[in-house]
Protein chains: 2
Amino acid sequence: MSGAAPLAEFKVGVDNVIFSVDPEQQRLFVLLIKRLHPPCQHQWSPPGTLVRHGESLEAAARRILQEKIKVHNLYLEQLYTFGAPGSDRASAPHRYLSVSYFALVRREAAELITREGGMTAWFSVPSLPTLAFDHHNILNYGLRRLRNKLEYSPIAFEVLPDVFTLNEVYQLYCTVLGENFADYSNFRARLLKLGILQDTGVKASRGAGRPASLYRFDAIAFEPLRHKPLVFV
Amino acid sequence: MSGAAPLAEFKVGVDNVIFSVDPEQQRLFVLLIKRLHPPCQHQWSPPGTLVRHGESLEAAARRILQEKIKVHNLYLEQLYTFGAPGSDRASAPHRYLSVSYFALVRREAAELITREGGMTAWFSVPSLPTLAFDHHNILNYGLRRLRNKLEYSPIAFEVLPDVFTLNEVYQLYCTVLGENFADYSNFRARLLKLGILQDTGVKASRGAGRPASLYRFDAIAFEPLRHKPLVFV
DNA sequence: ACAAAAGTGTTGACCATACACCCATGC
DNA sequence: GCATGGGTGTATGGTCAACACTTTTGT
């Protein structure tokens, strides 16, 4: 406002921590790309992009996501804004500000778009390569948020297809929170008691065994619970 | 990266939603300043500032906070980054990005610094004036976050003085979460059971009635619980 | 002695856990 | 029939809300 405060000029980028769950393998993956140019050439990073003129932050996040994977059901949310000066990611006159987002998809529903020879890949979360810059922090932060969100908000149902079995929900939770987060029958009982799932009546046969009921997320029933404390554990 | 992507240039600002609790009055306040210059002249806003060259985001947030109030114990955390294009807060060639922070202080411990004639003031949360831009959203978002944080993380103890009575904690919670969030004796029992408060043995007489024990937050005892789910309710 | 504030204890309702058990289907 | 996975029930222990009660101070 007043006289001689030397303000900073910024380039603003969006970095996307994109998680995918694979209930088959019981594993959680993160999408990383290999950096083709300096700085930090040949190191891995979550996919990022600079924000374009007239483009909202979330739009930039979605744009880059769509450049890397083709997917319909996903959850996307802003994570944190990292803006320490001197991480010198931008050319000299500008400072770089990174607004990070995290996304969750199911791996089977996410088709990887590989261009220019396989520089995009899913990495299993426990076994990650070294990452450029402070991206390890971003990623850990994203992981914490993912686990928390799963416990108290219904993001699972934004990732799952329109109808799904309770076991699919359970597998998703197991994959993210670890096998022993809860007994299946208790998980099931809690989930149903919330009253936000409709039984469609339709049965789904997955190979051998008794066919499972297909459920649908009931957004209307959930609405009153929206801002209440909830436990999906 | 590639050819003709028209990138945006940004000025980055920090906007601070500063809450103060007044257990005496049982009220929650927000610090607002009256805008002296266009745009939105004469409207109220949370205090904000543009980020200076070489200054981190959090440093900018602390700088502006210190310009407005003098306080020792406070809690400060990044809230959200708002960056929709076309909210035209900045001069033409630049887009404006607002990284919001929220802070919590006790009102008795926060001395207001008034300069140039009373353009800074605490507003009681239920009765706010109309705010400039989308600041109403920022504020509501901050309030939600404050209430959540109080329930599952020990931010209260960063705001309270080094030693405090359990009643002071309770009053703080009441003021933020509403009178009827919990019975005092139950709150007390839960809090003590967590084992993160040390009884100093010292008693404090607050006028009539039995003197209260003074407690101290035990950071070492809390450390192992740091990332575990907790309920302070 | 009495009021005021701090601190303790009790009880019934509810909820989570662990586990055993029943049901429907493929082979 | 029997293995496989889906779905239901129950006993135990713990936790929580509500409220009555005791203790220690000021006046």
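Source: prediction; values computed, not measured. Note on naming: letters A, B, ... go to the chains in the order of the sequence lines (proteins, then strands), and numbering restarts at 1 for each one.
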Just to be sure I understand the rule, does A/R188 reach a base, reach only the sugar-phosphate, or reach nothing, if contact means heavy atoms closer than 4.0 Å? base

Within the structure shown, what part of the strands sits under 4.0 Å from B/R190 by heavy-atom distance: base, sugar-phosphate, or nothing? sugar-phosphate

Any donor-acceptor pair under 3.5 Å from B/S98 side chain to B/D15 backbone: no

Are OP1 or OP2 of C/dA6 and a side-chain N or O of B/S213 less than 4.0 angstrom apart? no

On DNA chain C, more 5' by nearest nucleotide between A/A182 and B/A212 is B/A212

With the side chain defined as heavy atoms from C-beta on, B/A208 is closest, among C/dG7, D/dG26, D/dG6, to D/dG26

Which nucleotide, C/dG7, C/dA24, D/dA17, lies nearest any side-chain atom of A/P211? C/dA24

Which one, D/dG7, C/dC19, D/dG6, comes nearest to the side chain of A/D183? C/dC19

Any cation-pi pair here, B/R107 with B/F29, using under 6.0 Å and within 45°? yes

Go through the N and O atoms of the side chain of B/S185 and the base of C/dG9, and report whether any donor-acceptor pair is under 3.5 Å. yes

On the 0 to 90° scale, with breaks at 30° and 60°, tag the B/Y170-B/F187 ring pair as parallel, tilted or perpendicular. tilted

I'd like to know whether B/Q25 forms a side chain to side chain donor-acceptor pair (under 3.5 Å) with B/D22, so could you lay out the CA-CA distance, the side-chain angles of the two residues, the decisive distance to 0.1 Å, and finally the verdict. CA-CA 6 Å; B/Q25 294 186 55; B/D22 185 340; 3.1 Å; yes

Determine whether a donor-acceptor pair (one donor, one acceptor, N or O, separation below 3.5 Å) exists between the side chain of A/N186 and the base of C/dA18. yes

